[in-house]
Amino acid sequence: MKIVFFGSPGSGKGTQAAEMAKGYSLTHISTGELFRAKVLDGTRIGRRIGDTIAAGSLVDDITANYVLFKAIEGLNRFLVDGYPRNIAQAKMFDLHLENMGTELTCALFLDVPIEVAEQRLILRRTKRQDKVENYRRADDAPTVIHHRFEVYRKQTEPLIQYYSDRIIRVNGTGSPAEVTRKIAKALREWE
Ligand code: AMP
């Protein structure tokens with residue numbers, strides 16, 4: 001099983017992808033997490049990636065492809081969250097998988113109205129939580145949120161069309177537990 005998981009910022013894709021990976025015993029690969037880890041290593045590349053993330057822009061395709069292809073090396077069952085972010089990456093990914101003699105099983109799209117997703121991001125920023133990884137990310141700053149949605153609309157949303165022959169579209173509104181149930185149901189029906 002090889003799945004890509006995508007949705008707008010604030011769609012809850014990180015949370016749901018982790019749940020799904022657990023439920024289906026898939027290796028969860030989040031390019032956002034991989035990049036955030038790279039920022040901490042203090043290298044020049046790390047700093048460049050950090051600046052890009054903080055600005056709400058996309059890391060360049062060559063770096064994103066490289067990081068993702070390396071992360072899935074040798075894996076048969078994985079769920080990729082946050083990649084691809086644009087059509088160029090999606091095409092490269094298809095080609096890469098084809099060269100490996102395989103293909104994507106499906107693309108799961110978490111559909112959340114922009115207003116709901118924006119509200120969630122604002123909440124994520126203001127709400128104090130004990131767990132730090134989701135709390136006050138630099139790219140959740142109000143000025144950056146707007147840009148992230150713009151990037152999403154222009155670059156990532158066209159993936160809905162690109163994956164139209166293998167997309168599973170799930171309504172991502174409701175509580176996290178409700179959304180998890182909806183995803184499980186959609187996958188059962190699709191299989
Ligand atoms: P995420 O955690 O998926 O929201 O990703 C956080 C940030 O990491 C994004 O806003 C981008 O700056 C960067 N990023 C993550 N995945 C990709 C990707 N596939 N291509 C380019 N940039 C990415």
Side-chain angles (χ1 to χ4, degrees), residues 2-21 26-41 43 45-73 75 78-97 104 107-112 114 116-125 129 131-160 162-163 172 176:
K2 297 177 175 68
I3 298 184
V4 294
F5 203 103
F6 71 106
S8 73
S11 62
K13 70 179 165 57
T15 308
Q16 294 300 333
E19 279 298 316
M20 209 180 132
L26 303 168
T27 303
H28 178 196
I29 296 156
S30 154
T31 43
E33 287 301 325
L34 291 174
F35 288 142
R36 279 188 285 277
K38 190 87 193 123
V39 174
L40 300 177
D41 74 9
T43 59
I45 289 190
R47 279 197 298 277
R48 187 164 52 79
I49 291 173
D51 290 345
T52 307
I53 293 176
S57 300
L58 293 183
V59 173
D60 66 279
D61 290 344
I62 291 174
T63 306
N65 293 337
Y66 175 80
V67 164
L68 192 271
F69 297 170
K70 214 163 158 44
I72 61 162
E73 239 170 47
L75 297 178
F78 58 74
L79 182 155
V80 178
D81 143 28
Y83 177 100
R85 277 304 225 274
N86 58 31
I87 301 278
Q89 290 181 10
K91 286 185 174 167
M92 275 308 289
F93 195 25
D94 275 341
L95 201 65
H96 182 73
L97 291 174
L104 271 187
L108 208 142
F109 170 55
L110 204 51
D111 195 1
V112 173
I114 295 290
V116 176
E118 255 171 335
Q119 230 10 69
R120 283 182 182 170
L121 285 192
I122 291 163
L123 212 71
R124 175 159 84 185
R125 181 166 172 81
Q129 292 175 335
K131 280 209 278 169
V132 282
E133 76 264 31
N134 268 343
Y135 166 67
R136 275 182 181 259
R137 286 168 35 166
D139 53 351
D140 275 352
T143 45
V144 179
I145 288 178
H146 179 73
H147 180 57
R148 285 173 66 201
F149 277 101
E150 229 174 50
V151 170
Y152 169 76
R153 265 192 296 266
K154 280 201 192 118
Q155 304 211 44
T156 311
E157 212 168 50
L159 292 177
I160 297 172
Y162 180 82
Y163 285 129

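Order of listing sets the numbers, starting from 1, for every ligand and every atom in it. When a residue number appears, it is its place in the shown sequence, counting from 1. Owing to the predicted nature of the structure, the values given are computational and were not obtained by experimental measurement. FYI, side chains are in, hydrogens and waters are out, and symmetry mates aren't considered; it's all heavy atoms of this structure.
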Visitor: Could you report the tightest heavy-atom contact between V144 and A54, atom names first, then the distance?
Guide: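 Distance-wise, the nearest heavy atoms are CG2-O, 3.3 Å.
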Visitor: Please report whether ligand 1 has a polar contact with I53, defined as an N or O pair separated by less than 3.5 Å (distance criterion only).
Guide: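 No, there is no polar N/O contact under 3.5 Å.
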Visitor: As a quick check of understanding, evaluate salt bridge (Lys or Arg N to Asp or Glu O under 4.0 Å) for R153 and E150, giving each step before the final call.
Guide: CA-CA 5 Å; R153 265 192 296 266; E150 229 174 50; 5.9 Å; no
Visitor: Could you grab the distance from atom CG of D81 to atom NZ of K13, nearest 0.5 Å is fine?
Guide: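 Nearest 0.5 Å value for the CG-NZ distance: 4.5 Å.
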Visitor: Is there any N or O on V59 that sits under 3.5 Å from an N or O of ligand 1?
Guide: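 Yes; at least one N/O pair falls below 3.5 Å.
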Visitor: Give the C-alpha distance, both sets of side-chain angles, the deciding distance and a yes or no for side chain to side chain contact (heavy atoms under 4.5 Å, CB included) between R120 and V112.
Guide: CA-CA 10 Å; R120 283 182 182 170; V112 173; 3.9 Å; yes
Visitor: Under 3.5 Å between any N/O of D81 and any N/O of ligand 1: does that happen in this structure?
Guide: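 No.
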Visitor: When you measure from the heavy atoms of P9 to every atom of ligand 1, does any distance fall below 4.0 Å?
Guide: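 No.
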Visitor: Among Y83, F93, Y152, F35, which one puts a heavy atom closest to atom 14 (N) of ligand 1?
Guide: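 Answer by nearest heavy atom: F35.
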Visitor: Using the salt bridge (Lys or Arg N to Asp or Glu O under 4.0 Å) criterion, which residues pair with D60? Sequence neighbours excluded.
Guide: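 For D60, the residues satisfying salt bridge (Lys or Arg N to Asp or Glu O under 4.0 Å) (neighbours in sequence not counted) are R48.
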Visitor: Would T31 count as being in polar contact with ligand 1, using the rule that some N or O on each side must be under 3.5 angstrom apart?
Guide: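 Indeed, backbone or side chain, T31 has an N or O that close.
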Visitor: If hydrogens are left out, which of E33, Q89, K38 has an atom nearest to atom 20 (N) of ligand 1, that is, the closest non-hydrogen atom?
Guide: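 Residue with the shortest heavy-atom distance to the ligand atom: Q89.
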Visitor: If the condition is salt bridge (Lys or Arg N to Asp or Glu O under 4.0 Å), which residues does E118 pass it with, not counting sequence neighbours?
Guide: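 Checked E118 against salt bridge (Lys or Arg N to Asp or Glu O under 4.0 Å); zero matches.
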Visitor: Give the numbers and elements of all ligand 1 atoms closer than 4.0 Å to a heavy atom of A64.
Guide: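 Per the distance check, 20 (N).
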Visitor: Is the shortest N/O to N/O distance between T52 and ligand 1 below 3.5 Å?
Guide: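 It does not: no N or O of T52 is found under 3.5 Å from an N or O of ligand 1.
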Visitor: What part of P84, side chain from CB on, backbone N/CA/C/O, both or neither, has a heavy atom under 4.0 Å from ligand 1?
Guide: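 None of P84 does.
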Visitor: Which heavy-atom pair separates H28 from A17 by the least distance, and what is that distance?
Guide: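 Nearest pair, atom of H28 first, then A17: NE2-CB, 3.6 Å.
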Visitor: At under 4.0 Å between heavy atoms, which part of R36 makes contact with ligand 1: side chain, backbone, both or neither?
Guide: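 Within the 4.0 Å criterion, R36 contacts ligand 1 through side-chain atoms alone.
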Visitor: Aromatic ring centroids of Y83 and F93 under 6.0 Å?
Guide: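 Yes, the ring of Y83 comes within the 6.0 Å limit of the ring of F93, centre to centre.
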Visitor: Relative to the heavy atoms of K13, which atoms of ligand 1 are at a distance of less than 4.0 Å?
Guide: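 Those of ligand 1 that fall under 4.0 Å from K13 are 1 (P), 3 (O), 4 (O).
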